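Working notes, structure below.
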There are 2 protein chains.
Amino acid sequence: MPLDRTDFALIALLQNNFRMQNKELAAAVGLAPSSCHERVKRLWDEGVLLSAHAQVDPKRLGIGLEALLFIELGKHERQTVDSFLEEAVSIPEVRSAFLISGRHDVVVHVLARDTAHLKNLALDHFTSRSCVTRVETSIIFEARLRHELPHIG
Amino acid sequence: MPLDRTDFALIALLQNNFRMQNKELAAAVGLAPSSCHERVKRLWDEGVLLSAHAQVDPKRLGIGLEALLFIELGKHERQTVDSFLEEAVSIPEVRSAFLISGRHDVVVHVLARDTAHLKNLALDHFTSRSCVTRVETSIIFEARLRHELPHIG
DNA sequence: TATGAAAGAACGGCGAT
DNA sequence: ATCGCCGTTCTTTCATA
């Protein structure tokens with residue numbers, strides 16, 4: 001049940017490149033393909049590995065602009081907050097939504113074609129909502145992502 | 001070169017579930033396996049598909065806490081900003097870093113074991129840096145992610 | 001471009017160590 | 001828990017329409 005060094009190695013490899021085949025994986029961690037296959041299967045079965053996703057070039061989908069929306073909510077009741085988050089993430093242009101402590105209540109990462117599209121997005125889906133008291137929009141100049149989570153402890 | 005309806009369908013499917021096999025994919029878009037295979041290969045060759053990554057349960061890696069750090073920089077010269085971003089994303093606990101317009105300069109998404117770990121992270125890697133004039137830390141209560149990008153236009 | 005068939009490679013389960 | 005074996009399945013190429 002506890003993960004060992006080999007498990008962590010496999011997890012790191014698959015986070016960085018899920019296209020790797022079992023044979024390569026096995027070689028990379030110094031295991032026979034069959035043993036490696038079994039370990040990876042166990043990681044799926046135990047829920048350590050949750051899913052896998054392809055990453056796509058946003059430009060090729062017509063996305064020319066990304067932004068963060070910093071949102072303040074008027075009410076902080078559970079119902080209000082939950083449904084706001086739920087509806088936010090159901091908007092296609094929304095990539096992620098974070099409910100946070102501090103000055104802002106929610107941060108939303110959105111993708112848009114251009115500034116006109118972004119404006120409509122902000123106005124139609126966020127500024128206009130009754131539970132939203134304030135929206136601050138920040139254009140993303142550069143985004144750096146890391147796909148590998150640290151293993152702590 | 002331009003993407004058609006089938007390409008978009010394949011892209012959507014692979015973003016949501018990269019574990020899908022070519023055979024399933026083919027059935028899902030109504031194509032023979034060989035035709036489907038060729039289209040997916042073309043998407044890789046043309047750079048529409050960039051990479052694929054496994055998603056891991058953070059709890060299983062000892063991560064009990066996520067936070068956003070809102071950072072203000074003293075200098076906004078290219079060199080300062082670039083190297084700050086570069087070094088930020090090279091910290092294992094950093095999941096993403098965004099250079100943005102507006103009140104804050106950089107938003108960093110970090111993962112930590114607990115609040116003590118988060119404190120050290122903030123103090124050692126961010127507050128202490130000479131180019132950083134201010135760090136605001138927000139705990140993430142809830143994070144919602146979407147893996148499928150919208151196709152616009 | 002899409003397809004079906006054929007060759008090649010990988011998967012996935014089993015028994016032994 | 002690891003390994004090698006082997007039948008099954010999928011991938012991948014190619015000739016054809």
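Note that this is a predicted model, so its numbers are computed, not measured. Protein chains get the first letters and strands the later ones, always in sequence-line order, with residue 1 at the start of each.
- Between the P atom of C:dT1 and the NZ atom of B:K41 lies a distance of 15 Å, rounded to the nearest Å.
- The side-chain contact (heavy atoms from CB on, under 4.5 Å) test applied to B:D82 returns A:E142, B:R78, not counting sequence neighbours.
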Please list, pair by pair, any protein nitrogen or oxygen found under 3.5 Å from a nitrogen or oxygen in nucleotides 5-10 of chain D.
{"residue": "D:dC10", "atom": "OP2", "partner": "B:K23", "partner atom": "NZ", "Å": "2.5"}

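- Between the axis at the start and the axis at the end of the helix from C:dT1-D:dA17 to C:dT17-D:dA1 there is an angle of 30°, using five pairs per end and rounding to 10 degrees.
- Phosphate contact (OP1/OP2 of D:dT11, side-chain N/O of B:H37, threshold under 4.0 Å): absent.
- Following rounding to the nearest Å, B:L43 (CG) and C:dT1 (P) show an atom-to-atom distance of 13 Å.
- Applying the ring pair (Phe, Tyr, Trp, His ring centres under 6.0 Å) rule to pairs touching residues 30-57 of chain A yields A:H53-B:H147, sequence neighbours excluded.
- Listed by first and then second residue, the salt bridge (Lys or Arg N to Asp or Glu O under 4.0 Å) pairs that reach into residues 43-63 of chain B are A:E46-B:R60, A:R60-B:E46, B:K41-B:D45, B:R42-B:E46, sequence neighbours excluded.
- Listed by chain and number, the residues in a side-chain contact (heavy atoms from CB on, under 4.5 Å) with A:T80 are A:K75, A:E77, A:C131 (sequence neighbours excluded).
- Between atom CG of residue B:D105 and atom CG of residue B:L99 there is a gap of 7.5 Å, rounded to the nearest 0.5 Å.
- To the nearest angstrom, C1' of D:dT12 lies 10 Å from CD of B:E38.
- D:dT13 atom P lies 10 Å from atom CG of B:D45, rounded to whole Å.
- In the region residues 12-19 of chain A, proximity to DNA chain D at under 4.0 angstrom, judged on heavy atoms, holds for none of the residues.
- In this structure, A:F141 has no ring pair (Phe, Tyr, Trp, His ring centres under 6.0 Å) partners at least two apart in sequence or on a different chain.
- Between B:R39 and C:dA2 there is a side-chain polar atom (N or O) within less than 4.0 angstrom of OP1 or OP2.
- Hydrophobic cluster of A:L123: no remaining members, since no ILVMFWY side chain lies below 4.5 Å from it.
- Looking at residues two or more places apart in sequence or on another chain, you find a side-chain contact (heavy atoms from CB on, under 4.5 Å) between B:H117 and A:I152, B:E93, B:A112, B:R113, B:D114, B:L121.
- The line from NE2 of A:H104 to OG of B:S138 is 7.0 Å long, rounded to the nearest 0.5 Å.
- By the side-chain contact (heavy atoms from CB on, under 4.5 Å) test, A:A28 is found to be paired with A:L13, A:M20, residues two or more places apart in sequence or in another chain being considered.
- Judged as a side chain to side chain donor-acceptor pair (under 3.5 Å), the pairs with a partner in residues 10-27 of chain A (not counting sequence neighbours) are, in order, A:N16-A:E148.
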